[in-house]
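Here is the naming used below: chain letters follow the sequence lines, and residue numbers restart at 1 for every chain. Keep in mind the model is a prediction, meaning the values are calculated, not measured.
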Amino acid sequence: MNQERDFNEKCYELLNQIPKGKVTTYKEMANALGTKAWRAVGTAMAKNTNLINTPCHRVVRSDGTIGEYALGTNKKSELLRSEGVEILNNKIDNLDKYFFRFDA
DNA sequence: GCTGTGACTTCGA
DNA sequence: CTCGAAGCCACAG
């Protein structure tokens, strides 16, 4: 049963690569993981085993919307805003500007 | 813009 | 242990 943890760990690693003031999308993460399960990524984060070690609030939807958050969408937007990301109506103002790509 | 379907994992019974 | 349902989504109709 290490595979399930492996999946989550990969997600955590990706999140760790994201600097402050930057955000990424679930699709990009899944792509980096080599899968199409954006849902699984979110689900794994939602069930959350490492919320403290995993800033899932830096992950947003492809549309630039914040999406949902275990602690609340408003909390997520608040956190992102606190990092320097401008949030408009629970949406990233300039996603392309704050979007972080997994170069490696 | 909303609804339905697709893909993958985790949780519950 | 196996089956079924849900989930922080994305894409197409």
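Of the N and O atoms on the side chains of A:Glu83 and A:His57, at least one donor lies less than 3.5 Å from an acceptor on the other residue.
Nearest to the side-chain atoms of A:Lys27 among the listed nucleotides C:dC11, C:dG7, B:dC8 stands C:dC11. Comparing B:dC11, C:dC11, B:dT9 by their closest approach to the side chain of A:Thr43 singles out B:dT9. In this structure, of B:dC11, C:dA10, B:dC8, it is C:dA10 that holds the atom nearest to the side chain of A:Trp38. Distances from the side chain of A:Asn8 to the nucleotides B:dC8, C:dG7, B:dT10 place B:dT10 closest.
In this structure, NZ in A:Lys97 is found 10.5 Å from NZ in A:Lys22, a value given to the nearest 0.5 Å.
A:Asn31 has its CG atom 15 Å from the C1' atom of C:dC11, to the nearest Å. As a whole-Å value, the separation of A:Phe7 CZ from B:dA7 P is 15 Å. Here the C1' atom of nucleotide B:dT9 and the CD atom of A:Glu9 are 15 Å apart, to the nearest Å. Rounded to whole Å, the distance from NZ on A:Lys10 to P on B:dT9 is 11 Å. Nucleotide B:dT9 holds its P atom 14 Å from the CE atom of A:Met29, rounded to whole Å. Rounded to an integer number of Å, the gap from A:Lys36 NZ to C:dC11 P is 14 Å. In this structure, CG of A:Asp63 is placed 12 Å from P of C:dA12, rounded to the nearest angstrom. Rounded to whole angstrom, the span from the CG atom of A:Leu33 across to the C1' atom of B:dT10 amounts to 16 Å.
For the side chain to side chain contact (heavy atoms under 4.5 Å, CB included) criterion with A:Ile92, the lone passing option out of A:Leu88, A:Asn94, A:Asn90, A:Leu95 is A:Leu95.
DNA chain C is contacted by both A:Val41 and A:Arg61; A:Val41 maps to the nucleotide lying nearer its 5′ end (nearest heavy atom per residue).
Open room surrounds NZ on A:Lys91; 12 or fewer heavy atoms of other groups in view lie less than 6.0 Å from it.
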